[in-house]
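Below is one structure, written out as structure tokens; the observations come after it.
Values below: every heavy atom of this structure, side chains too, minus hydrogens, waters and symmetry copies. Here the structure is a predicted model, which is why all the values come from computation and not from measurement.
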Amino acid sequence: RKFLVLEDNDPSGYKSTLAIATKLEHKINVLELPRRSPDLNPLDYGFWAELNKRMRKQELTFRDTKKETRDEYIERLRQTTTRMPAKFCKALVCSLKRHCVDLLLRHGLMASVVASPIVLSVL
């Protein structure tokens, strides 16, 4: 089975000696992103916004007196992340090609600089 992993440029994780050796050993191909390119990273242009929306929606159900500890918040974040619909995640990954084409058409300008930003739709 072949794997293609999308990576940013985190030198402490993905670029570490151990990470590079592990990817070579398991024959994992890497799709690297240019530095500071949020329009090319599905996590940046879609996943985090959706996750934030879901977290805020949950908070609307809290009582006014509810105090959430850091550990409780992290657990809620973990659960919300793992419950993201597979359909949404697949649509997000599949949107990468469209984002690359749009970026080329905008001559490298990020979506936030353009009058009509790209909207991700769930298939």
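Remark: Arg70 CZ is loosely packed, at most 12 non-hydrogen atoms of other residues, nucleotides or ligands lying under 6.0 Å away. Crowding of Lys57 atom NZ: a count of heavy atoms from other residues, nucleotides or ligands under 6.0 Å not exceeding 12.
For Arg54 and Glu59, the salt-bridge test fails: no basic side-chain N is under 4.0 Å from an acidic carboxylate O.
Residue Leu51 comes nearest to Met84 through the heavy atom pair N-CE, 4.0 Å, listed as atom of the first residue, atom of the second, then distance. Gly46 approaches Phe88 most closely through the heavy-atom pair O-CZ, 3.9 Å. Across all their heavy atoms, Gln58 and Arg76 have their closest contact at OE1-NH1, 2.8 Å. Smallest separation of non-hydrogen atoms from Phe47 and Thr81: CZ-CG2, 3.8 Å.
Here CG of Leu60 is found 12.5 Å from CE of Met55. Values are rounded to the nearest 0.5 Å. Note that CD1 of Ile20 is 14.0 Å distant from CD of Glu25, once rounded to the nearest 0.5 Å.
Residues Lys90 and Lys87 have side chains not in contact (no heavy-atom distance under 4.5 Å, counting atoms from C-beta outward). Side-chain contact between Thr69 and Ile74 is absent, with no heavy atoms from C-beta onward closer than 4.5 Å. Two residues are said to be in side-chain contact when any heavy atoms from C-beta on lie closer than 4.5 Å; Trp48 and Asn52 fail this criterion.
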